Amino acid sequence: MEHIRCLIIGSGPAGYTAAIYASRANLQPIVYEGPQAGGQLTTTTEVENFPGYPDGVEPFQMMDDMRRQAERFGAEIRSGIVTKVDFGTTPKRVWIEDTQELLADAVIVATGASARYLGLPSENEYKGRGVSACATCDGFFYKRKTVAVVGGGDTACEEASYLAGLCQKVYLIVRKPYLRASEIMQKRVMETPNIEVLFEHNTLRLTGEGKVQGADLVYRKGEAGEREVHINIDGFFLAIGHHPNSDLFKDWLQRDEQGYILTQPGTPLTNVPGVFAAGDVADPHYRQAVTAAASGCKAAIEAEKWLKTL
Ligand code: NDP
């Protein structure tokens with residue numbers, strides 16, 4: 001059975017940064033990429049706030065840069081999904097695709113977070129047929145069409161702005177009477193002529209024959225003036241936040257009520273010695289590429305310390 005010194009689960013900014021530091025420290029890290037190589041960032045359009053890229057950078061480019069940087073120092077990046085873990089022993093036991101078992105002296109969990117859905121039955125019905133949680137991935141299919149984006153945060157505003165460049169019209173469906181996004185993103189949305197912001201609207205259901213053709217919304221649900229509104233749309237994009245990808249570890253690692261892995265404040269140390277958590281899976285507050293990268297660095301440094309104790 002393969003015995004790894006340092007296993008890194010996940011390939012976003014946290015995972016790759018951990019791999020850069022771990023490989024430079026000669027920990028011979030193996031990275032399992034998980035279901036989305038490059039992580040969540042690859043589902044956005046442009047990264048404008050990562051230091052070192054004054055003109056912004058295309059997310060795939062940035063993640064490819066990080067990956068190549070890790071490989072340059074000897075990190076091995078493998079495609080594959082970790083499906084089961086046993087952190088009750090040292091070395092830790094880990095299964096890839098339920099079949100292949102590995103042993104790892106140190107494990108860095110950098111599995112990130114995934115897009116949330118509203119939970120409407122019609123969302124499932126139309127998934128891949130007009131429902132998407134990634135404008136960059138799927139926006140192209142809606143050229144010159146009409147789409148809706150749900151959410152009022154930075155992601156929703158970014159996705160709406162991106163789609164406005166491709167589509168004839170974009171509705172932004174916001175449940176509150178205001179946007180939560182940063183000032184700059186709010187301004188961008190409000191100044192884009194083909195974005196219409198529908199404040200205080202919630203989605204009831206999607207409609208259409210075999211694909212999304214419309215949505216029934218409710219304005220001011222449960223309040224005076226409540227009324228149903230129908231919009232004709234070809235695509236429906238979710239941008240209502242994310243949930244941490246931590247279910248795999250629930251029997252071993254302490255998590256908060258939302259599922260974020262609990263770490264000792266300011267460190268990547270989990271309740272299991274030799275298991276470290278980095279990036280969005282353990283960060284309910286900042287969730288930025290740069291903070292994820294920084295925590296990946298900390299995790300690799302802690303893994304190095306741990307390995308010296310074995
Ligand atoms: P947020 O949690 O910031 O926003 C989620 C949005 O979805 C909120 O407006 C929320 O409404 C809404 N929402 C949640 N659940 C529902 C629901 N069931 N029905 C309708 N609306 C719902 O998530 P984001 O993904 O936008 O951002 C996450 C983090 O990443 C933030 O810190 C953000 O600043 C950052 N980010 C930064 C970017 C950049 O700098 N370029 C780009 C993208 C993200 P409500 O306000 O009512 O709670």
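Fair warning: this is a prediction, and the values are worked out from it, not measured in the lab. In listed order, ligands and their atoms are each counted from 1.
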Do you know the tightest heavy-atom contact between [X] and [Y]?
{"X": "Ala299", "Y": "Phe276", "answer": "CB-CB, 4.1 Å"}
{"X": "Val229", "Y": "His201", "answer": "CG2-NE2, 3.9 Å"}
{"X": "Ser182", "Y": "Asp154", "answer": "OG-OD1, 2.8 Å"}

Would you indicate which of Cys157, Gly153, Gly151, Gly241 comes nearest to atom 23 (O) of ligand 1 when only heavy atoms are counted?
-> Gly241
Under-4.0 Å heavy-atom contact with ligand 1, by part of [X] that carries it:
{"X": "His242", "answer": "side chain"}
{"X": "Thr203", "answer": "neither"}
{"X": "Ile240", "answer": "both"}

Starting from [atom], which protein heavy atom do you reach first, and at what distance in Å?
{"atom": "atom 11 (O) of ligand 1", "answer": "Arg175 NE, 3.3 Å"}
{"atom": "atom 44 (C) of ligand 1", "answer": "Thr155 OG1, 3.4 Å"}
{"atom": "atom 38 (C) of ligand 1", "answer": "Asp154 CB, 3.8 Å"}
{"atom": "atom 39 (C) of ligand 1", "answer": "Asn49 ND2, 3.4 Å"}
{"atom": "atom 46 (O) of ligand 1", "answer": "Arg180 NE, 3.1 Å"}
{"atom": "atom 19 (N) of ligand 1", "answer": "Leu118 CD2, 3.3 Å"}
{"atom": "atom 42 (C) of ligand 1", "answer": "Glu158 OE2, 3.4 Å"}

Any N/O of Gly152 closer than 3.5 Å to an N/O of ligand 1?
-> yes
Would you say ligand 1 has an N or O under 3.5 Å from any N or O of Asn202?
-> no
Would you mind telling me which of Val197, Val147, Val150, Leu198 makes a side chain to side chain contact (heavy atoms under 4.5 Å, CB included) with Tyr171?
-> Leu198
So, Asp280 side chain and Asp283 main chain: donor-acceptor pair closer than 3.5 Å or not?
-> no
Determine yes or no for a side-chain-to-main-chain donor-acceptor pair under 3.5 angstrom, with Gln186 supplying the side chain and Ile184 the backbone.
-> no
Does Gln288 come within less than 4.0 angstrom of ligand 1, counting non-hydrogen atoms of the residue?
-> yes
State, without any angle test, whether Asp65 and Gln61 hold a side-chain donor-acceptor pair at a distance under 3.5 Å.
-> yes
Without hydrogens or angle criteria, can the side chains of Asn245 and Thr111 be said to hold a donor-acceptor pair below 3.5 Å?
-> no
Is the ring centre of Phe73 less than 6.0 Å from the ring centre of Tyr21?
-> no
Atoms in ligand 1 with a heavy atom of Lys176 nearer than 4.0 Å | 45 (P), 46 (O), 47 (O), 48 (O)
For salt bridge (Lys or Arg N to Asp or Glu O under 4.0 Å), just list the numbers for Arg188 and Glu159, CA-CA rounded to whole Å, side-chain angles, deciding distance to a tenth of an Å, and then say yes or no.
-> CA-CA 11 Å; Arg188 201 174 290 174; Glu159 307 251 295; over 6 Å; no
